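The figures here come from the full heavy-atom set of this structure, side chains too, leaving out hydrogens, waters and symmetry mates. Being a predicted model, the structure only gives us computed values, none of them experimental. Note on naming: letters A, B, ... go to the chains in the order of the sequence lines (proteins, then strands), and numbering restarts at 1 for each one.
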There are 2 protein chains.
Amino acid sequence: MKVEESELNGRLERFRDTCRKAGVKLTQQRLEIFREVASTLDHPDAEEVYRGVRDRVPTVSLDTVYRTLWMLHDLGLVSTLGPRGGSMRFDANGNPHHHYVCVLCGLVRDFESPALSDLEIPRGVGAFGSVLAARVEVRGLCRKCAKTRSAGRGSESLIRPASPIRDSR
Amino acid sequence: MKVEESELNGRLERFRDTCRKAGVKLTQQRLEIFREVASTLDHPDAEEVYRGVRDRVPTVSLDTVYRTLWMLHDLGLVSTLGPRGGSMRFDANGNPHHHYVCVLCGLVRDFESPALSDLEIPRGVGAFGSVLAARVEVRGLCRKCAKTRSAGRGSESLIRPASPIRDSR
DNA sequence: CTATTTGCAAATAATTTGCAGTGCG
DNA sequence: CGCACTGCAAATTATTTGCAAATAG
């Protein structure tokens, strides 16, 4: 799924800006790697970014993709999603948001919600340490998986409480 | 941090029970592997479980630990936490709960909260698919890290919005 | 007894690193 | 023009798998 033109331009703008301010060199591969993450609503892993960028910059190497993604992370331009199924995934949505995750295929979609963003954190939590941010992760079966699955049969072992994806590589 | 005696016994009870019902054999290593995860409030990774179990069952192998942890997961006896820093972590707390995660050292602590557990999920989310569960992850700097850090200097690059741990192996 | 389960060692997957050449500022 | 950046290949880390020996029920 594609990010809107205007939003994408804003992100690219911020990217150039941040690079300049941070004094990091603006290379072709960095631009394209950022563009790849910033232009999709999916949250791709390094391999997917690599495949996408290779079309435009045939010589990029996978390790440059990794290095750049972590560099973008260090600059605060992308955040990461713990690996749903093997590999780390990257997220260029800079606005406060939450995630919907399909427990079967690993699809992730962002959603915003003032209500959830202003969550009341129980006071007891303060005992653990400071609170910097809170994020909600909603798990479920996405449209497509629900369809595929019901085609087969009813429900199997699926509703294992809050378990992430244990995928079948 | 240790789980209370009574709670631990309940977990072990449920473990034996579930194994029997599922028809899986109750071996020494399985019992000790489960005990290791079930008796701590930390959420250890396979390697940590391995080290702990080895004291009591010197011949266990790391792969048995992996196989057993995933088997416990399949039986619904443990859930997983996306890798904070390299490796998958396992959680034997069967009650609905949320997580506090230290962005520096990766410490995880559970907390319960009726308010958060009854979260109102925005209707828009239904468009993505069904909703099975929702979990809140609160990020912050734990007590210990805050202390260690302030010993050095003030704040550095730390407050990178909602970024997980990019650790220094 | 006998199907499961285990331990070992070797295989895979994801990610990182050292180094020599290349190109941005 | 120099130092940060890149590509390559080799190294590491986490995790999985095939197989013969061990064991729970």
Side-chain angles (χ1 to χ4, degrees), chain A residues 15-34 43-51 53-54 56-75 78 80-90 106 164-169, chain B residues 15-34 43-51 53-54 56-75 78 80-90 106 164-169:
Chain A
F15 164 68
R16 288 181 218 269
D17 226 55
T18 307
C19 285
R20 208 167 304 122
K21 280 176 190 156
V24 305
K25 291 183 179 174
L26 201 347
T27 65
Q28 189 62 27
Q29 27 279 74
R30 281 177 179 173
L31 175 57
E32 294 304 333
I33 288 166
F34 179 75
H43 299 302
D45 63 22
E47 194 80 38
E48 290 166 325
V49 172
Y50 177 52
R51 282 200 292 274
V53 170
R54 222 170 11 173
R56 282 166 280 140
V57 188
T59 65
V60 274
S61 63
L62 180 57
D63 60 296
T64 296
V65 172
Y66 273 106
R67 277 189 287 222
T68 302
L69 288 171
W70 285 118
M71 190 256 269
L72 293 170
H73 179 262
D74 288 343
L75 292 177
V78 305
T80 53
L81 299 185
R84 313 261 122 228
S87 39
M88 189 66 82
R89 298 171 63 162
F90 298 83
I165 289 119
R166 170 86 169 101
D167 76 347
S168 40
R169 305 182 204 166
Chain B
F15 165 68
R16 288 180 220 269
D17 225 56
T18 308
C19 285
R20 206 166 306 123
K21 279 176 189 155
V24 304
K25 292 182 177 174
L26 201 347
T27 66
Q28 189 62 28
Q29 27 279 73
R30 280 177 180 172
L31 174 58
E32 295 304 332
I33 288 166
F34 179 74
H43 298 301
D45 63 20
E47 194 81 39
E48 290 166 324
V49 172
Y50 177 53
R51 282 199 290 275
V53 170
R54 220 169 13 172
R56 281 165 281 139
V57 188
T59 66
V60 275
S61 63
L62 180 57
D63 60 298
T64 295
V65 172
Y66 272 106
R67 278 189 288 222
T68 301
L69 287 171
W70 285 119
M71 190 257 268
L72 294 170
H73 178 262
D74 288 343
L75 292 178
V78 304
T80 53
L81 298 186
R84 312 261 121 229
S87 39
M88 189 66 83
R89 298 171 62 163
F90 298 84
I165 289 118
R166 170 83 169 102
D167 77 346
S168 41
R169 302 183 205 167

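No donor-acceptor pair closer than 3.5 Å links the side chain of Arg89(A) to the backbone N or O of Leu81(A).
At the phosphate of dT15(D), neither OP1 nor OP2 sits under 4.0 Å from any side-chain N or O atom of Trp70(B). Note on Thr59(B): a side-chain N or O is less than 4.0 Å away from OP1 or OP2 of dG7(C). Contact between the side-chain N/O atoms of Arg30(A) and the OP1/OP2 oxygens of dT6(D) is found at a separation under 4.0 Å. Taking side-chain N and O atoms only, Tyr66(B) has no distance below 4.0 Å to OP1 or OP2 of dT16(D). Residue Ser61(B) has no polar side-chain atom (N or O) positioned under 4.0 Å from OP1 or OP2 of dT6(C). Contact annotation: Thr27(B) reaches the phosphate of dT6(C) (side-chain N/O to OP1 or OP2, under 4.0 Å). In this structure, Gln28(B) does not reach the dT6(C) phosphate: none of its side-chain N or O atoms is under 4.0 Å from OP1 or OP2.
Atom CE in Met88(A) sits roughly 12 Å away from atom P in dT15(D) (whole-Å rounding). For the pair Leu31(A) CG and dC5(D) P, the interatomic distance rounds to 15 Å; values are reported in whole Å. In this structure, Leu62(A) atom CG and dG7(D) atom C1' are separated by 11 Å, rounded to whole Å. Atom CE in Met71(B) sits roughly 17 Å away from atom C1' in dT17(D) (whole-Å rounding). With rounding to whole Å, Phe90(B) atom CZ is found 13 Å from dA14(D) atom P. In this structure, Asp63(B) places its CG atom 18 Å from P of dA13(C), rounding to the nearest Å. Between the P atom of dA14(C) and the CD atom of Glu48(A) lies a distance of 11 Å, rounded to the nearest Å. One can place CZ of Arg16(A) at 16 Å from C1' of dG25(C), the figure rounded to the nearest angstrom.
Using a 4.0 Å heavy-atom distance criterion, Arg67(A) is classed as a base contact. The residue Asp45(B) sits apart from the nucleic acid: no heavy atom pair falls under 4.0 Å.
Across Leu69(B) and Val49(B), no two heavy atoms sit closer than the pair CD1-CG2, 4.4 Å.
For the pair Arg16(A)/Leu26(A), a side-chain contact is recorded, criterion being any heavy-atom separation below 4.5 Å from C-beta on.
In this structure, Arg54(A) is positioned above the aromatic face of Tyr50(A), its NZ or CZ under 6.0 Å from the six-membered ring centre and within 45° of the axis.
Listed nucleotides: dG23(C), dT6(C), dA14(D). Nearest to the side chain of Lys25(A): dG23(C). Among dT15(C), dG7(C), dT6(D), the nucleotide with an atom closest to any side-chain atom of Ser87(A) is dT15(C).
Of the residues near DNA chain D, Leu26(B) and Glu47(B), the one whose nearest nucleotide (by heavy atom distance) lies more toward the 5' end is Glu47(B).
Phe15(A) and Phe34(A) have parallel rings, their planes meeting at less than 30° on a 0 to 90° scale where 60° marks the start of perpendicular.
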